[in-house]
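To start, the structure itself, in structure tokens.
For ligands, and for the atoms within them, numbers begin at 1 and follow the listed sequence.
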Amino acid sequence: MLLTDKVALVTGGGRGIGEASAKRLAEYGAKVIIADMNLDAANSVASDINIHDGEACALEFNVAEFDTISGKIAEAKSMFGHIDILVNVAGVTGSTPIEEITLAGWDRMMDIDLKSMFFVTQAVFCIMKDQNYGKLVHMSSLAALRGGRSSDASYACAKAGILNLSKCFALRGAPYHITSNAVCPGNILTPMGRALSWSKVDPKTYIPMGRYGTAEDVANAVLFYASDLSSYVTGDYMNVNGGLYM
Ligand SMILES: NC(=O)c1ccc[n+]([C@@H]2O[C@H](COP(=O)([O-])OP(=O)(O)OC[C@H]3O[C@@H](n4cnc5c(N)ncnc54)[C@H](O)[C@@H]3O)[C@@H](O)[C@H]2O)c1
């Protein structure tokens, strides 16, 4: 199978896009570490994978607790002995009007959606360099490309930062056979998506393909970047949005 003998760490793997991505990677043969601040959710996804003949472990990991990152990544590595694939999905959104975003709100968004992703990736990158191999996949957003609409400006700015974070790791990782790419989902019906204003609007009226995206639609793009199907693709991103941005 495409990912036999590969180990994948998926942050935010407890539900939504992270859950679907973890399950897709497991389906293609990867051993998967489901890392989430919600341990019950991570355990439940890991059990589902194990019941269906995959191999998965759960890890309680709040990516925004910066002091714990290096210890948690070491713990993740010890679970299956290596980490070949990192899928950074953990994140939150916001919908504060631009006039009302506070310093504290801005900092919280940057901490969870951007700063944590940099330092988690940095810790895994060091392992991948030693292995001379790695696949980094970062969850950005359509908001990174066209500004926040349902989601707010702090979210859109953090997600735009992720596109450049990805390119920086792509440049530094290229000599070590480490690729780094991002995925930009559009309007995806997950627990996060259901809380945003677009989910109250008929998709036939504004999405060219006439439907919202599913977490599985995004997981398919993750699978491409996580596997050697994308071995000559780095520093790039993929839109998964039913034609909402073209
Ligand atoms: N749903 C969409 O329409 C959409 C669109 C574009 C981008 N995205 C991005 O995709 C990612 C996943 O979105 P989703 O819709 O599946 O969200 P979700 O809220 O349904 O799931 C997010 C998961 O991340 C976990 N999480 C949140 N903060 C965490 C932290 N600090 N540490 C560890 N785990 C944490 C949650 O416990 C949850 O399991 C996010 O980064 C989001 O910004 C989503």
Side-chain angles (χ1 to χ4, degrees), residues 9-24 33-46 48 58-69 72-73 76 86-95 107-121 137-152 154-163 165-166 182-201 203 207 211-219 221-222 237-242 244-245:
L9 170 62
V10 182
T11 73
R15 72 179 196 190
I17 291 170
E19 174 180 1
S21 300
K23 288 182 172 172
R24 185 63 90 240
I33 300 154
I34 316 293
D36 204 289
M37 61 191 291
N38 181 340
L39 182 60
D40 288 343
N43 271 325
S44 150
V45 174
D48 270 2
L59 177 70
E60 184 172 18
F61 184 14
N62 182 339
V63 295
E65 287 177 355
F66 304 114
D67 293 346
T68 70
I69 289 176
K72 288 289 180 183
I73 296 304
L86 169 65
V87 188
N88 279 313
V89 185
V92 294
T93 189
S95 47
D107 286 346
R108 177 178 175 274
M109 187 64 76
M110 294 301 147
D111 279 356
I112 300 172
D113 280 15
L114 183 59
K115 188 171 163 183
S116 68
M117 197 180 286
F118 178 82
F119 286 102
V120 169
T121 307
V137 188
H138 319 280
M139 208 49 62
S140 178
S141 170
L142 173 61
L145 306 173
R146 60 169 203 175
R149 298 181 187 205
S150 296
S151 53
D152 69 28
S154 64
Y155 175 84
C157 292
K159 291 294 179 182
I162 289 170
L163 296 182
L165 175 160
S166 178
V183 179
C184 294
N187 293 171
I188 313 298
L189 261 197
T190 61
M192 176 189 284
R194 283 190 192 89
L196 291 166
S197 59
W198 55 253
S199 69
K200 314 293 179 289
V201 182
I207 299 178
R211 67 170 177 87
Y212 299 126
T214 64
E216 289 72 23
D217 290 323
V218 183
V222 170
Y237 62 85
M238 197 188 302
N239 284 310
V240 183
N241 59 33
L244 199 47
Y245 184 73

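- T93 and S151 form no side-chain donor-acceptor contact under 3.5 Å, judged by distance and modelled atom types alone.
- Closest of all the heavy-atom pairs between A158 and L114 is O-CD1, 3.7 Å.
- Contact check for T214 versus T190: no side-chain heavy atoms found under the 4.5 Å cut-off.
- Remark: minimum distance from atom 31 (N) of ligand 1 to any protein heavy atom is reached at N62 OD1, 2.9 Å.
- If you look at E19 next to ligand 1, there are no close heavy atoms at all, none under 4.0 Å.
- For atom 33 (C) of ligand 1, the nearest protein heavy atom (residue, atom name, distance) is F61 O, 3.1 Å.
- At a threshold of 4.5 Å between non-hydrogen side-chain atoms, the residues V183 and H138 do not count as touching.
- Contact annotation for C184 and ligand 1: no heavy atom of the residue comes within less than 4.0 Å of the ligand.
- When only non-hydrogen protein atoms are considered, atom 43 (O) of ligand 1 lies nearest to Y155 OH, 2.6 Å.
- Distance from atom 16 (O) of ligand 1 to its nearest protein heavy atom, with residue and atom name: I17 N, 2.8 Å.
- Judged by distance alone, with hydrogens and angles left aside, the side-chain atoms of T11 form a donor-acceptor pair with the main-chain N or O of A90 at under 3.5 Å.
- The single protein non-hydrogen atom nearest to atom 32 (N) of ligand 1 is V63 N, 3.0 Å, given as residue, atom name and distance.
- In this structure, the separation between CD on E216 and CD1 on I17 is 10.0 Å, given to the nearest 0.5 Å.
- Ligand 1 has a nitrogen or oxygen under 3.5 angstrom from a nitrogen or oxygen of G186.
- Two residues are said to be in side-chain contact when any heavy atoms from C-beta on lie closer than 4.5 Å; T68 and N62 fail this criterion.
- By the 30° and 60° cut-offs, the orientation of the rings of Y212 relative to W198 is tilted.
- Between T190 and ligand 1, a contact under 3.5 Å exists for at least one N or O pair.
- Considering backbone and side-chain atoms together, I112 places no N or O closer than 3.5 Å to any N or O of ligand 1.
- When only interatomic distances are considered, the shortest N/O to N/O separation between I188 and ligand 1 falls below 3.5 Å.
- If you check which protein heavy atom lies closest to atom 24 (O) of ligand 1, you get G12 CA, 3.5 Å.
- With hydrogens left out, the protein atom closest to atom 36 (C) of ligand 1 is D36 OD1, 3.5 Å, a heavy atom.
- Residue-ligand proximity, M139 to ligand 1, at heavy-atom distances under 4.0 Å covers atoms 9 (C), 10 (O), 11 (C).
- At the shortest separation from atom 28 (N) of ligand 1 among protein heavy atoms lies M37 SD, 3.4 Å.
- Between N187 and ligand 1, a contact under 3.5 Å exists for no N or O pair.
- For a threshold of 3.5 Å applied to N or O pairs, the pair formed by R15 and ligand 1 contains at least one separation below that value.
- With no hydrogens or angles considered, a side-chain donor-acceptor pair links N88 and T121 at under 3.5 Å.
- Between N38 and ligand 1, not a single N/O pair is under 3.5 Å apart.
- Heavy-atom contacts of P191 reach the following atoms of ligand 1: 20 (O) (cutoff under 4.0 Å).
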